[in-house]
Structure formats: C-alpha cells, structure tokens
Amino acid sequence: YLHGDGAGRAGWSLGNVYPIGRLRHRIMHSTKQGAGAGAGAGAVGGGAAGAGEGKGVAGIQGAAGLAPEKRRTPSFLDGTLRRSFKTGSLKKQKVEEEQMLEMWVKEETSATRANVLEKWTRLQGMPQHQAMLNYMSIIKEWPGYGSTLFDVECKEGGYPHDLWLGVSADNVSVYKRGEPKPLETFQYEQITFFGAPQPCTYKIIADDRELFFETPMVGDVAKIMRAYISMMVKKRCSIMSVSSVGGSWS
C-alpha cells in the first residue's frame with residue numbers, strides 16, 4: 001500500500017518495508033552462536049516484507065515477525081566467516097571479519113530484495129485500500145497488537161540482554177528484541193508492584209518474582225501502566241455498580 005501495485009517499483013527502498021537492522025543483528029548473532037539462523041531469517045522475512053510492499057504490501061512488513069521463518073541453506077559466507085574467527089592475527093582477523101560480515105549482509109539483503117519484488121509482482125492489480133485492509137488483518141493476528149514497545153535491557157530476571165517490554169491494556173509482556181512471540185506475559189492481576197527504585201531502572205514484581213530492566217523511559221512505562229490499571233479498575237467498578245442496581249430492582 002506504500003508504493004502501489006508496481007508502477008513505482010523503480011524508486012522504492014527496501015529499508016522502508018523491512019527492518020534491515022534486524023537482518024544484520026541476526027547475521028551477527030548467528031556467527032557468534034555458530035548457527036545459520038540469521039541467514040534464514042533474512043531470506044524469509046524478506047519475502048514477508050515483500051508482500052508488505054506494494055498495494056499488496058498488505059502489510060507484510062508487519063507479517064515479517066508473524067510468519068514462520070524457514071531456514072535457507074547457509075551460504076559459503078557462513079562457513080568462511082566463522083573460519084575467519086579462528087585464524088590470523090587479532091587485528092587482521094577483525095578486519096577480515098568485518099569484510100566478510102558486510103559481504104554476508106549484502107548477499108542476504110540482495111536475496112531479501114529479490115523476494116520482495118517477486119511477491120510484489122504477484123499483487124499487481126490489488127487496490128490500495130484492499131492492501132491496507134490485508135495489512136491490518138495480518139497485524140491484528142499478533143498477540144501484542146496494540147501494545148507499546150519499549151527497548152529495555154535485562155538487569156535481573158533471567159532473560160536475554162536486549163528486550164522489548166510490551167505494555168498493553170490487558171497485560172505486560174517481555175519479548176526478545178525483534179521477536180514476535182513473548183518470552184513471558186504477566187496479567188495485571190499478577191503484578192503487585194511496578195516503579196523505578198533507581199534512575200533508569202524499572203522494577204516489576206509479578207507472582208513474587210522481581211524483574212529489573214534498564215531503560216531511560218521508566219516514567220513513560222509507569223505512566224502507561226497506571227493508566228491501563230486505572231481503566232480496568234473503573235470498568236470493573238462500573239460493572240459491579242450496574243450489577244448491584246440490577247439486583248435491587250429484581
């Protein structure tokens with residue numbers, strides 16, 4: 001829905017429909033872990049982003065996180081990059097690593113772009129408003145739809161270092177940054193405390209567990225959580241009031 005059904009294809013940018021930074025992050029993570037997960041994520045996510053590009057871009061930009069990620073056969077760069085970590089002087093090795101990483105990123109970006117174009121072509125003729133409807137239907141399938149996501153870092157709690165803290169009207173979820181599925185979700189009824197005991201440190205106590213997150217947005221997180229909890233309390237009080245009035249009339 002951003003660029004039409006293909007007429008403006010010449011001037012489009014992959015970065016407008018797909019998180020290139022996430023692709024790079026996954027490649028770097030895969031080299032550290034010795035796994036090829038980053039490559040697969042880039043290729044398949046690219047296909048998803050592709051659908052989200054034309055009119056039929058029906059928002060697969062959002063679907064990139066929702067669609068299951070098939071794993072592409074690791075390229076020669078995968079093994080070469082990891083082998084380069086084991087040889088040569090430290091300085092030379094670092095330069096080689098950076099060069100190979102850039103080559104790998106370019107290769108995966110190219111594959112992603114090709115997937116985008118291929119799926120975009122299939123959507124030719126789809127009206128722009130229909131693309132928007134399709135986009136929203138995909139986005140609404142995400143369990144975290146409507147949440148406000150905050151970049152946080154795990155201080156204590158047993159989670160990975162880089163996280164999203166998702167605050168919604170019903171719950172608070174912890175996500176590994178860039179991943180669609182939450183690591184854990186806490187209903188507000190489970191939360192007995194939230195606040196900032198120290199600057200840039202946000203604390204949540206849920207089910208007798210203490211969770212600490214580093215973020216400069218502690219005030220914003222607390223403000224949204226208080227607002228949602230206040231709404232829940234008012235709604236329940238209203239329901240109880242209506243029920244009691246109904247009972248007295250009967």
For a quick test of reading the model, state the closest non-hydrogen atom pair linking [X] to [Y] and the distance between them.
X: Gly166; Y: Leu149; result: CA-CD2, 3.7 Å
X: Leu163; Y: Lys176; result: CD2-CA, 4.1 Å
X: Met126; Y: Asn134; result: CE-ND2, 3.4 Å
X: Ser173; Y: Pro182; result: CB-CB, 4.0 Å
X: Lys203; Y: Pro197; result: CB-CD, 3.7 Å
X: Pro160; Y: Leu183; result: CD-CD1, 3.6 Å

Distance (rounded to the nearest 0.5 Å) between [X] [atom1] and [Y] [atom2]:
X: Leu165; Y: Cys154; atom1: CG; atom2: SG; value: 11.0 Å
X: Leu133; Y: Gln128; atom1: CG; atom2: CD; value: 11.0 Å
X: Phe150; Y: Ile224; atom1: CZ; atom2: CD1; value: 3.5 Å

Got a sec, which pairs hit ring pair (Phe, Tyr, Trp, His ring centres under 6.0 Å) with one end in residues 206-236, sequence neighbours left out? none
Residue Met232 excluded, over 12 heavy atoms near CE under 6.0 Å: yes
Electrostatic pair Glu102:Lys106 at N-O distance under 4.0 angstrom: no
According to salt bridge (charged side-chain N to carboxylate O under 4.0 Å, His left out), who are the partners of Glu156, at least two apart in sequence or on a separate chain? none
Arg226 meets the salt bridge (charged side-chain N to carboxylate O under 4.0 Å, His left out) criterion, sequence neighbours left out, with none
May I have all residue pairs that pass side chain to side chain donor-acceptor pair (under 3.5 Å) and include part of residues 208-219, sequence neighbours excluded? Lys155-Glu214, Tyr159-Arg209, Glu184-Arg209, Thr201-Glu214
Hey, could you give me each pair passing salt bridge (Lys or Arg N to Asp or Glu O under 4.0 Å) that has a residue in residues 123-132? Not counting sequence neighbours. none
Has Ser110 got a side-chain atom pairing as donor or acceptor with Glu107's backbone, closer than 3.5 angstrom? no
Considering residues at least two apart in sequence or located in another chain, which fulfil the side-chain contact (heavy atoms from CB on, under 4.5 Å) criterion with Val95? Gln99
Going by the rule side-chain hydrogen bond (donor to acceptor under 3.5 Å, both in side chains), which residues pair with Asp151 if we only count those two or more places apart in sequence or in a different chain? Trp164
Residues in side-chain hydrogen bond (donor to acceptor under 3.5 Å, both in side chains) with Ser168, at least two apart? Asn171
Applying ring pair (Phe, Tyr, Trp, His ring centres under 6.0 Å), can you list everything that pairs with Tyr175, at least two apart in sequence or on another chain? Trp142
If hydrophobic residues (ILVMFWY) are linked whenever their side-chain heavy atoms come closer than 4.5 Å, directly or via other members, who joins Ile205 in its cluster? Phe193
